[in-house]
J.: 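There's a structure below that I have some questions on.
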4 protein chains.
Amino acid sequence: MRLTHLKQAVFEANLSLVNEGLVKLTWGNASGIDREQGLVVIKPSGISYDEMTPDDMVVLDLNGNVVNSRLKPSSDTPTHLVLYRAFPALGGIVHTHSEWATSWAQACRNIPCLGTTHADHFYGDVPCTRQLTPEEIRGEYERTTGEVIRETFTQINSMEVPGVLVAEHGPFCWGKTPAEAVKHAIILEEIAKMAFRTVMLGKSNAVQPAILEKHYQRKHGPDAYYGQK
Amino acid sequence: MRLTHLKQAVFEANLSLVNEGLVKLTWGNASGIDREQGLVVIKPSGISYDEMTPDDMVVLDLNGNVVNSRLKPSSDTPTHLVLYRAFPALGGIVHTHSEWATSWAQACRNIPCLGTTHADHFYGDVPCTRQLTPEEIRGEYERTTGEVIRETFTQINSMEVPGVLVAEHGPFCWGKTPAEAVKHAIILEEIAKMAFRTVMLGKSNAVQPAILEKHYQRKHGPDAYYGQK
Amino acid sequence: MRLTHLKQAVFEANLSLVNEGLVKLTWGNASGIDREQGLVVIKPSGISYDEMTPDDMVVLDLNGNVVNSRLKPSSDTPTHLVLYRAFPALGGIVHTHSEWATSWAQACRNIPCLGTTHADHFYGDVPCTRQLTPEEIRGEYERTTGEVIRETFTQINSMEVPGVLVAEHGPFCWGKTPAEAVKHAIILEEIAKMAFRTVMLGKSNAVQPAILEKHYQRKHGPDAYYGQK
Amino acid sequence: MRLTHLKQAVFEANLSLVNEGLVKLTWGNASGIDREQGLVVIKPSGISYDEMTPDDMVVLDLNGNVVNSRLKPSSDTPTHLVLYRAFPALGGIVHTHSEWATSWAQACRNIPCLGTTHADHFYGDVPCTRQLTPEEIRGEYERTTGEVIRETFTQINSMEVPGVLVAEHGPFCWGKTPAEAVKHAIILEEIAKMAFRTVMLGKSNAVQPAILEKHYQRKHGPDAYYGQK
């Protein structure tokens, strides 16, 4: 029963990525996790979004063993699994090749925090990973992609910066649920777009620390006063 | 009765911001004022635009005391109140994180008046405020945001330049009604977009004064001859 | 009867400008001419596109005398009239503040012919007028805008280059009919957009003359072989 | 019978180009080939997409002789024919003036492989042809356009890099079917757009060879593991 709900949530997250304009063709995937059962649900590989049903979502354990599914999981599954193991608070992950975030990832540049839109949702720069070595690429590539993300967050709290750019590749975002991961992907795309233009207009240094502190904490801190809480 | 009309107008202004593509998620708010009753009507905080009704609009007096509303007002309310107190001709205010105006605000640059589209509606550069000090940010941040806008308009007539960029943040626009404030936000976004490209093409100095004078006055001066007046 | 048809054609041309995304708010106008009767039909000034009917189109003679219309003509009418008098082959004119062409106009730069898309429709650069002098601006501004366009075409055939950028202002396009003028405005916007990006990528010198010659002539020359002719 | 199917496929490919936003007005064409019968089916010249039917598609042999059609074929037909003769694996070809790919073509620049989105589908840079000489342009221009593409692929496998930029002109893409050619045109446009922004952000050198190898081969190599194969 609970798994049925999770499959539905993951299915809807995958469709949202398309409807929000973050995914072209089959370039993206969303997953979710049931922490109690230790089961991950993820989009099948290379399936068109038009034909997909909630029941096509693939179920796996955290070691990547497929549980009772006839379709192959997304080829990026090993990356998702590393992240779920590394960051226990994650409930959902999305990967896209969304056009603005991917442009920054291709440029191998962090997205600096240039304004309050960014500071409201990401507590500091959106980091870009280091490039993988040829050995890492030739080996277990998708797993290593997860490892290099984990490495990037050694000094960063993954719940305060809920997304990353993989160098020469594109963004991964996450959240407490698949729907929240989608929301963070929407926000990342918007701040990537505005940061591009701000940099073109000549400013690429981050906002003053007080702005970052104020905006992030008024939404997410212990004394948050945004919304109807 | 009159308040019902104002709530409807403010509700519609908030929806217009979304329909015009100026607001993503819940990143924006519109308000209006009934000058005779001294009552301000504003969007509630962090409420999704899909679920909002006219009756959800929050009513406050000019000191920020909520009058007979069950929802919390937008967290930007103190900024709106400062502006209504500072500029007595204002009937409506909107705040957005619209993508082009925000890119300029993040760059901490005025939008120069580069053509007649701009001159038709804004009588000179759209100014960008100075950055707030860390002390101002840590204090009554939203009220101070209003104060720094007021300070920016010491030498500028707020009815001739009906909008501003708050540095590292985004635009506020205003008008005689909430609907006119929305219209100015649409125009600001369009001129911000074209100014970006013009600057990229190598021109960032303003039009000659005679163009600014001619275009602004033919629409807004005592001898205006645009439209069916 | 014939005037009814022209009013309908001008009405439709005005709506096309909006539907094609070339006009925001009321920032544009289209006109047409009946050369035999010497009558020009043009959009009324400052009227919303939603409320306009074919019968609202204003009829004038070539000297600007309104014939049997209750609405005021577009404030840009004197510009249209100069062009109809200067270029006898014109049957329709449109003026917009379309975002890409206007960005070039604001930059006071010709759009160089950078590819075959341009060469297929405009036989050479799309010229930008000189800036008006303060005296010209303070005088009969809209008429002088027409005069400066005429001056720009002293060495250019207006039927081979069916459009112009007015410096610090925006584009005018024309054609044998109002519908063809709209088509040229669509094309101008597209080539302005691509030229911007090409220039950003580092190339701003025009295509070789043989390409311009080949492409323009295969569509428009005496031995044209494009289409079903 | 088989030809009816091919006409339908070519018709649908032409409409897809419009629906995907790759073609404005009549600026594009798609074709397909029946290798056994040696017959090519292509869009008629200068016909509006709204009025076209599958039966309007023009049938020719590989020497360009029209077979039983009342309409003239696309003026770019000689280019398509050269490509079908040069690259025996091609089943479909599309030509567009899509805005991002054309901007690169106008800049006479290869699109470097800057990320995995590119590497997943194009095995290396998307090459830009050399410019044609004035003699080539004045001669059999469309046939020579095909020859210069063939020349560009002397050292490149046309099935691994299924598209090209013609200098000062625009892109041609191909595939095993007309539908696959359309898909490659969609992908080319997306990578052209992201490459533009990546270059503006300061990176224009290609990804490391190991990334190109890994991504291309995981989708297209003998041990491909993407999708449900």
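All chains are named by letter (A, B, ...) in the order of the sequence lines, taking the proteins before the strands, and each is independently numbered beginning at 1. Only heavy atoms go into these numbers, but all of them, side chains included; no hydrogens, no water, no symmetry mates. Just so it is clear, the model here is predicted, and its values are computed rather than measured.
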J.: Please determine whether the number of non-hydrogen atoms from other residues, nucleotides or ligands lying under 6.0 Å from atom CG of D61(A) exceeds 12.
T.: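 Correct, the count exceeds 12.
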J.: Walk me through it: do I137(A) and Q208(D) pass the test side chain to side chain contact (heavy atoms under 4.5 Å, CB included)?
T.: CA-CA 10 Å; I137(A) 294 164; Q208(D) 31 178 338; 3.7 Å; yes
J.: If I measure from the heavy atoms of chain A, does A195(D) come under 4.5 Å with its side chain, its backbone, both, or neither?
T.: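 Interface part for A195(D): backbone (N, CA, C, O).
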J.: May I ask you to check whether over 12 heavy atoms, not counting those of K183(D), lie within 6.0 Å of atom NZ?
T.: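 Atom NZ in K183(D) is not packed in, count stays at 12 or less.
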J.: Return the minimal non-hydrogen interatomic distance between M194(D) and S98(A), and the atom names on each side.
T.: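 Closest heavy-atom pair between M194(D) and S98(A): SD-O, 4.4 Å.
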J.: Taking all heavy atoms of P134(A) and all of A210(D), pick out the closest pair and write down the distance.
T.: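 Reported closest heavy-atom pair: CA-CB, 4.0 Å.
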J.: Measuring heavy-atom distances to chain A, does I187(D) have an atom under 4.5 Å in its side chain, in its backbone, in both, or in neither?
T.: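 Both backbone and side chain.
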J.: Quick check on E140(A): does its CD atom have over 12 non-hydrogen neighbours (other residues, nucleotides or ligands) under 6.0 Å away?
T.: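 No, the 6.0 Å shell around CD holds no more than 12 heavy atoms from other groups.
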J.: Could you check whether atom CG of N65(A) has more than 12 heavy atoms from other residues, nucleotides or ligands sitting under 6.0 Å from it?
T.: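 Above 12, so yes.
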J.: Is it the case that atom CG in D55(A) sees more than 12 heavy atoms from other parts of the structure closer than 6.0 Å?
T.: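 Incorrect, the count does not exceed 12.
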J.: Is there a side chain to side chain contact (heavy atoms under 4.5 Å, CB included) between W27(A) and T116(D)? Walk through the geometry before answering.
T.: CA-CA 11 Å; W27(A) 302 344; T116(D) 62; over 6 Å; no
J.: Taking R218(D) first and then E142(A), would you say they form a salt bridge - that is, a charged N and a carboxylate O separated by under 4.0 Å?
T.: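 Yes, this pair counts.
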J.: Is the count of non-hydrogen atoms from other residues, nucleotides or ligands lying under 6.0 Å from E135(A) atom CD greater than 12?
T.: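 Yes, enclosed.
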J.: Under 4.5 Å from any heavy atom of chain A, what part of D120(D) do you find: side chain, backbone, both or neither?
T.: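 Only the side chain of D120(D) comes within 4.5 Å of chain A.
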J.: With a 3.5 Å distance limit and no angle check, can you tell me whether T198(D) reaches the backbone of S103(A) through a side-chain donor-acceptor pair?
T.: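 It does hold such a pair.
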J.: So does E99(A) pair up with R197(D), basic N to acidic O under 4.0 Å?
T.: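 So E99(A) pairs with R197(D) through a salt bridge.
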J.: Check this for me: K193(A), atom NZ, are more than 12 non-hydrogen atoms of other residues, nucleotides or ligands nearer than 6.0 Å?
T.: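 Above 12, so yes.
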J.: Look at T26(A), V199(A), L71(A) and state which one has the largest set of heavy-atom pairs under 4.5 Å with chain D.
T.: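 Going by pairs under 4.5 Å, I would pick L71(A).
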J.: Among Q106(A), Q131(A), E168(A), find the one that has a side chain to side chain contact (heavy atoms under 4.5 Å, CB included) with V207(D).
T.: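 Running side chain to side chain contact (heavy atoms under 4.5 Å, CB included) over Q106(A), Q131(A), E168(A) with V207(D) returns exactly one hit, E168(A).
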J.: Can you classify the ring geometry of H215(D) versus H169(A) as parallel (below 30°), tilted (30 to 60°) or perpendicular (above 60°)?
T.: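 It falls in the perpendicular class, over 60°.
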J.: Is the backbone of L201(D) close enough, under 3.5 Å, to the side chain of R109(A) for a donor and an acceptor to pair up by distance?
T.: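 Answer holds: yes.
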J.: Report the distance from atom NE2 of H121(D) to atom CG of L25(A), rounding to the nearest 0.5 Å.
T.: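 Rounded to the nearest 0.5 Å, the NE2-CG separation comes to 7.0 Å.
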